[in-house]
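First comes the structure, then the notes that go with it.
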Amino acid sequence: MPSPASSTSAAPATGVVPPRFHWSVRTLFTMLATFLMMIPLLAAALVLQALVPNPTTEADFLLGNIPSLLVPFGAIGLVWVFMRYIDRRPLREAGLFVDRRTLPTFVLGTVLLIALQVGAVGLTTSLGFSYPSRAIEVGALLWIVDLLARALVHASFCEELLFRGYLMQTLPQRSPWVVAAISAVAFGLLHMLSQGQNGVLERLAYAAGPTGWAFLA
């Protein structure tokens with residue numbers, strides 16, 4: 001986990017300029033970024049809707065994943081803006097860099113993601129708790145491509161970069177538990193805006209799950 005910033009009120013003795021804005025404002029910026037990073041997705045989706053209004057073939061299905069693959073461009077662009085103009089530090093310090101461990105850990109994470117998803121879908125379907133997997137409809141290979149594009153690239157990568165990358169390194173609290181808790185609560189609160197829940201208590205209950213998973217992450 002990146003080391004949190006030591007102070008937001010005074011410049012350190014090394015002469016490094018402290019971040020602009022209070023840490024709570026930077027937390028709100030991070031939450032807002034989860035919506036702004038969707039701009040490339042929305043633009044691509046509008047173009048695809050005009051070109052392929054009724055997707056029916058495997059090629060059409062693959063094209064439908066392009067919007068998800070563009071979301072990281074929005075997330076990386078926003079984090080670059082935050083690091084350059086708010087934190088005034090190198091982008092690398094937000095955790096976005098490549099080294100000799102990048103490819104092995106990426107492959108390991110991808111394999112685990114597919115294994116857990118396939119196992120969970122198979123178990124819940126066999127127990128009658130969910131509908132048959134979409135893999136039955138589109139084919140296993142296309143289903144895996146869709147899973148990686150939407151779950152790994154669109155959601156996981158961008159959320160990790162924003163909440164476990166940028167946000168955790170910009171918070172001034174010294175305790176890693178406090179830093180993790182703030183990041184997790186900020187991420188969980190966004191899920192109160194999800195559709196399908198009615199009332200404050202139901203939304204809080206729904207947000208508790210993502211908050212817990214974010215804290216573990």
Side-chain angles (χ1 to χ4, degrees), residues 1-2 27 29-42 44-45 61-62 64-80 82-83 91-99 101-124 130 133-135 138 140-171 176 179-195 206-217:
M1 182 178 68
T27 301
F29 283 166
T30 305
M31 298 170 69
L32 179 62
T34 60
F35 299 98
L36 295 179
M37 71 180 185
M38 298 295 181
I39 293 176
L41 178 148
L42 295 175
F61 181 81
L62 288 174
N65 287 288
I66 291 179
S68 291
L69 296 177
L70 295 179
V71 177
F73 290 96
I76 294 172
L78 288 168
V79 171
W80 178 82
F82 292 165
M83 292 298 290
L91 179 62
R92 178 186 178 90
E93 294 189 19
L96 187 62
F97 60 90
V98 177
D99 61 16
R101 296 176 296 177
T102 300
L103 183 58
T105 52
F106 176 80
V107 172
L108 176 61
T110 302
V111 171
L112 288 175
L113 170 69
I114 295 174
L116 289 173
Q117 180 72 10
V118 171
V121 169
L123 178 62
T124 54
S130 66
S133 169
R134 194 181 183 192
V138 302
L141 182 59
L142 291 180
W143 179 76
I144 289 175
V145 171
D146 184 68
L147 172 66
L148 294 178
R150 299 177 188 275
L152 183 64
V153 177
H154 175 170
S156 299
F157 172 80
C158 297
E159 291 167 1
E160 287 295 321
L161 178 59
L162 287 171
F163 288 91
R164 262 72 68 188
Y166 171 73
L167 182 57
M168 292 186 71
Q169 65 80 36
T170 197
L171 293 174
V179 170
I182 293 173
S183 174
V185 170
F187 179 73
L189 285 176
L190 289 173
H191 290 75
M192 292 187 66
L193 302 177
S194 299
Q195 298 179 352
Y206 178 76
T211 301
W213 281 112
F215 187 80
L216 290 176

**OP:** Kindly indicate, with the supporting measurements, whether the criterion side-chain contact (heavy atoms from CB on, under 4.5 Å) is fulfilled by Leu78 and Leu36.
**Re:** CA-CA 8 Å; Leu78 288 168; Leu36 295 179; 3.8 Å; yes
Subject >> Shortest non-hydrogen separation from Asn65 to Ala149 and the atoms involved >> reply: OD1-CB, 3.6 Å
**OP:** Taking Thr170 for its side chain and Leu167 for its backbone only, find out whether a donor-acceptor pair lies under 3.5 Å.
**Re:** no
Original post:
Gly188 and Ala207: which non-hydrogen atoms are nearest, and at how many Å?
Top reply: O-CB, 3.2 Å
**OP:** Run the numbers on Thr34 and Phe187 for side-chain contact (heavy atoms from CB on, under 4.5 Å), then give the verdict.
**Re:** CA-CA 9 Å; Thr34 60; Phe187 179 73; 5.9 Å; no
Original post:
Which one of Ile76, Val71, Leu152 satisfies the side-chain contact (heavy atoms from CB on, under 4.5 Å) criterion with Phe157?
Top reply: Ile76
**OP:** Check Arg150 against Gly64 and note the closest heavy-atom contact, atom names and distance.
**Re:** NH2-O, 3.6 Å
Subject >> Gap between atom CG of Leu103 and atom CG of Leu108 - 0.5 Å precision >> reply: 11.0 Å
**OP:** Over all heavy atoms of both residues, which pair between Ala151 and Ser156 is shortest? Give the atoms and the distance, please.
**Re:** O-OG, 2.7 Å
Original post:
Could you give the distance from CE (Met31) to CG (Leu193), rounded to the nearest 0.5 Å?
Top reply: 7.5 Å
**OP:** Mind listing the closest non-hydrogen atom pair of Leu190 and Phe35 along with its distance?
**Re:** CD2-CE1, 3.7 Å
**OP:** Measure the CG-CE distance between Leu32 and Met37 for me, rounded to the nearest 0.5 Å.
**Re:** 11.0 Å
**OP:** Using atom types as modelled and distance alone, determine if a side-chain donor or acceptor of Thr211 lies under 3.5 Å from a backbone N or O of Val185.
**Re:** no
Original post:
Checking Gln169 side chain against Tyr166 main chain: does a donor-acceptor pair fall under 3.5 Å?
Top reply: yes
Subject >> Interatomic distance, Leu112 atom CG to Thr105 atom OG1 [nearest 0.5 angstrom] >> reply: 11.0 Å
Original post:
Taking it one step at a time, do Leu96 and Met83 satisfy side-chain contact (heavy atoms from CB on, under 4.5 Å)?
Top reply: CA-CA 11 Å; Leu96 187 62; Met83 292 298 290; over 6 Å; no
**OP:** Kindly say whether Ala180 contributes a backbone atom to a donor-acceptor pair with the side chain of Ser183 at under 3.5 angstrom?
**Re:** no
Original post:
Nearest heavy-atom pair of Phe82 and Ala33: which atoms, and what distance?
Top reply: CE1-CB, 4.0 Å
Original post:
Checking Thr30 side chain against Phe163 main chain: does a donor-acceptor pair fall under 3.5 Å?
Top reply: no
